[in-house]
Amino acid sequence: QVQLVESGGGLVQPGGSLRLSCTGSGFTGTMDYYTIGWFRQVPGKERESVSCLSNSEGDTYYSDSVKGRFTISRDSTKNTVYLQMNSLKPEDTAVYYCAAVMSHTIVIPATLYDFWGQGTQVTVSS
């Protein structure tokens with residue numbers, strides 16, 4: 001059973017940066033066989049796709065709201081996917097989740113992911 005653990009959330013001022021980590025275990029094969037997505041959710045709203053990294057081929061996706069500010073990357077030796085978040089805005093405040101699905105393509109809809117982490121809170125406020 002795949003298990004995912006997010007870390008790196010916290011309180012940051014507008015314009016600041018955070019790096020989220022998603023470390024996984026229990027993969028069939030290696031993490032490289034999986035597409036990893038980052039999502040965020042605020043109370044009362046649907047879970048929103050933020051970014052996605054396909055398997056080891058490395059295709060990426062970013063939502064329009066984060067494009068140019070966020071960068072997704074993978075360290076296969078550590079079974080970890082990172083989300084570097086720069087130029088943070090108050091509207092980036094949310095609980096951030098990582099998710100995994102065995103795939104070789106970009107996967108955007110949350111409903112298509114099989115495994116989820118517990119989430120990490122990101123708060124952007126002065």
For V101, the rest of its hydrophobic cluster, which grows through side-chain links under 4.5 angstrom:
F39, V95, Y97, V107, L112, Y113, W116

Nearest 0.5 angstrom please: T71 OG1 to R19 CZ, how far?
11.5 Å

For T28 against Y33, the heavy-atom pair lying closest together:
O-CD1, 3.3 Å

Looking only at non-hydrogen atoms, find the nearest pair between D92 and S87 and report the distance.
OD2-O, 4.4 Å

Verify the distance criterion only: is there a donor paired with an acceptor across the side chains of S125 and T123 at less than 3.5 Å?
no

For the residue pair Q84 and S17, establish whether any side-chain heavy-atom pair is separated by less than 4.5 Å.
yes

Tell me whether K67 is salt-bridged to D64, with the criterion being a basic N under 4.0 Å from an acidic carboxylate O.
yes

Linking I/L/V/M/F/W/Y whenever any side-chain heavy atoms sit under 4.5 Å apart, do F27 and V81 land together?
yes

Step through the shown structure and confirm whether more than 12 heavy atoms of other residues, nucleotides or ligands are within 6.0 Å of CD on Q118.
yes

Main-chain N/O of V124 paired with T93 side-chain donor or acceptor, under 3.5 Å
yes

Rounded to the nearest 0.5 Å, how far apart are CG of D114 and CD of Q1?
9.5 Å

Distance in Å, I106 CD1 paired with S51 OG, rounded so as to fall on 0.5 Å steps:
8.0 Å

Which atom pair, heavy atoms only, marks the closest approach of I72 to Y62?
N-OH, 2.8 Å

What's the spacing between W38 CH2 and L20 CG if we round to 0.5 Å?
4.5 Å

Are F70 and I36 co-members of a hydrophobic cluster defined by side-chain heavy atoms under 4.5 Å apart?
yes

Can you tell me if CD on E46 sees more than 12 non-hydrogen neighbours from other groups inside 6.0 Å?
no

For the atom pair CG (N86) and CG (L18), what is the distance rounded to the nearest 0.5 Å?
9.5 Å

Residue pair R40 / S65, side-chain donor-acceptor N/O under 3.5 Å
yes

Same cluster for I108 and V50 if Ile/Leu/Val/Met/Phe/Trp/Tyr side chains link at under 4.5 Å?
no

Validation row: M102, V2 side chains within 4.5 angstrom (heavy atoms):
no

In short, E48 meets S63 closest at the heavy-atom pair OE2-OG, 4.4 Å

Donor-acceptor contact below 3.5 Å, side chain R74 vs main chain S54:
yes

For the atom pair CG (D59) and CG (L53), what is the distance rounded to the nearest 0.5 Å?
8.5 Å

Does the T23 side chain pair with the main chain of V5, one donor and one acceptor, at a distance under 3.5 Å?
no

Does C98 offer a backbone N or O that forms a donor-acceptor pair with the side chain of E6 under 3.5 Å?
yes

